[in-house]
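Heavy-atom basis, side chains included; hydrogens, waters and symmetry copies ignored. Note that the coordinates shown come from a computational prediction; the quantities given were computed from them, not determined experimentally.
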Amino acid sequence: MKHVYRLSIILGISFLGELLNRWIPLPIPASIYGLVLMLAGLISGIIPLESVRGTGRFLIEIMPVMFIPAGVGLMASWDVLRPMVVPVAVIMVVSTFVVMAASGLATQAMIRRERRKGAEK
């Protein structure tokens, strides 16, 4: 029963993100609204981390399965996508390296900040 409760919290936050997406006329995906709401809830303590940790881990573990329908959709649309393969491939490679670099820099900054906090104590 606790898994249903945990999943309902995550789905409720996602639903609120969908509502915000409909109410606020900005070109921001509903999933981003949901992520911001979840982050705010976790930081403020409104949503205890333990109440969503197990279900969050499970959803991350099965994430590759969630990409199967998208991959099948791409294969079904191959005739439409064929003329755009090179630009899409370039965009994918460039964006992958940009995300890797940004993630690495952010991680290094957080590690440095933690080390400074440890050195000050």
Side-chain angles (χ1 to χ4, degrees):
M1 194 64 181
K2 68 179 178 180
H3 297 295
V4 173
Y5 172 73
R6 292 174 176 176
L7 185 60
S8 66
I9 291 173
I10 294 172
L11 291 176
I13 295 293
S14 297
F15 179 71
L16 289 174
E18 291 288 339
L19 290 177
L20 285 176
N21 187 34
R22 300 230 186 255
W23 291 339
I24 301 173
L26 294 174
I28 298 173
S31 59
I32 301 300
Y33 285 120
L35 287 172
V36 170
L37 288 173
M38 180 64 82
L39 178 65
L42 289 170
I43 288 174
S44 68
I46 295 171
I47 302 170
L49 179 58
E50 291 306 316
S51 68
V52 293
R53 177 177 288 183
T55 303
R57 283 187 178 156
F58 171 73
L59 291 172
I60 289 172
E61 287 173 6
I62 65 166
M63 190 182 299
V65 176
M66 304 299 180
F67 286 101
I68 292 173
V72 171
L74 287 174
M75 290 176 7
S77 303
W78 179 246
D79 293 335
V80 176
L81 294 173
R82 186 176 301 159
M84 300 182 263
V85 168
V86 173
V88 169
V90 169
I91 290 169
M92 286 174 27
V93 169
V94 170
S95 64
T96 298
F97 283 110
V98 168
V99 168
M100 287 172 53
S103 299
L105 291 171
T107 302
Q108 287 178 346
M110 301 229 2
I111 290 170
R112 284 188 199 116
R113 188 175 77 185
E114 289 297 319
R115 284 184 183 160
R116 277 186 289 203
K117 282 183 183 179
E120 291 174 2
K121 289 183 180 181

May I ask whether [X] and [Y] are part of the same hydrophobic cluster, defined by side-chain heavy atoms of I, L, V, M, F, W, Y residues being less than 4.5 angstrom apart, directly or through others?
X: Val65; Y: Leu11; value: no
X: Ile9; Y: Ile62; value: yes
X: Ile28; Y: Trp23; value: yes
X: Leu59; Y: Leu49; value: yes
X: Leu39; Y: Ile32; value: no

Output all residues satisfying side-chain contact (heavy atoms from CB on, under 4.5 Å) with Pro48, sequence neighbours left out; order by chain, then residue number. Ser51
Does Arg57 CZ have over 12 foreign heavy atoms under 6.0 Å away?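 Count not over threshold, so no.
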If you round to the nearest 0.5 Å, how far is CD1 of Ile24 from CG of Leu19?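 One gets 10.5 Å once the value is rounded to the nearest 0.5 Å.
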Atom CZ in Arg113, atom CZ in Arg116: separation rounded to 0.5 Å?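 Rounded to the nearest 0.5 Å, the CZ-CZ separation comes out at 8.5 Å.
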Between [X] and [Y], which heavy-atom pair has the shortest distance, and what is it?
X: Pro27; Y: Pro29; answer: O-CD, 4.0 Å
X: Val85; Y: Trp78; answer: CG2-CH2, 3.4 Å
X: Met38; Y: Ile10; answer: CE-CG1, 4.0 Å
X: Leu26; Y: Tyr33; answer: CB-OH, 3.7 Å
X: Thr55; Y: Arg6; answer: OG1-CB, 3.0 Å
X: Met92; Y: Thr96; answer: O-OG1, 2.6 Å

With side chain to side chain contact (heavy atoms under 4.5 Å, CB included) as the criterion, how do Leu20 and Val36 come out once you've worked through the C-alpha distance, each side chain's angles and the decisive distance to 0.1 Å? CA-CA 11 Å; Leu20 285 176; Val36 170; over 6 Å; no
Are any non-hydrogen side-chain atoms of [X] and [Y] less than 4.5 angstrom apart?
X: Leu81; Y: Met84; result: yes
X: Leu42; Y: Val52; result: yes
X: Arg112; Y: Arg115; result: no

Hey, what else clusters with Ile60 if you join Ile, Leu, Val, Met, Phe, Trp, Tyr whenever side-chain heavy atoms sit under 4.5 Å? Met63, Phe67
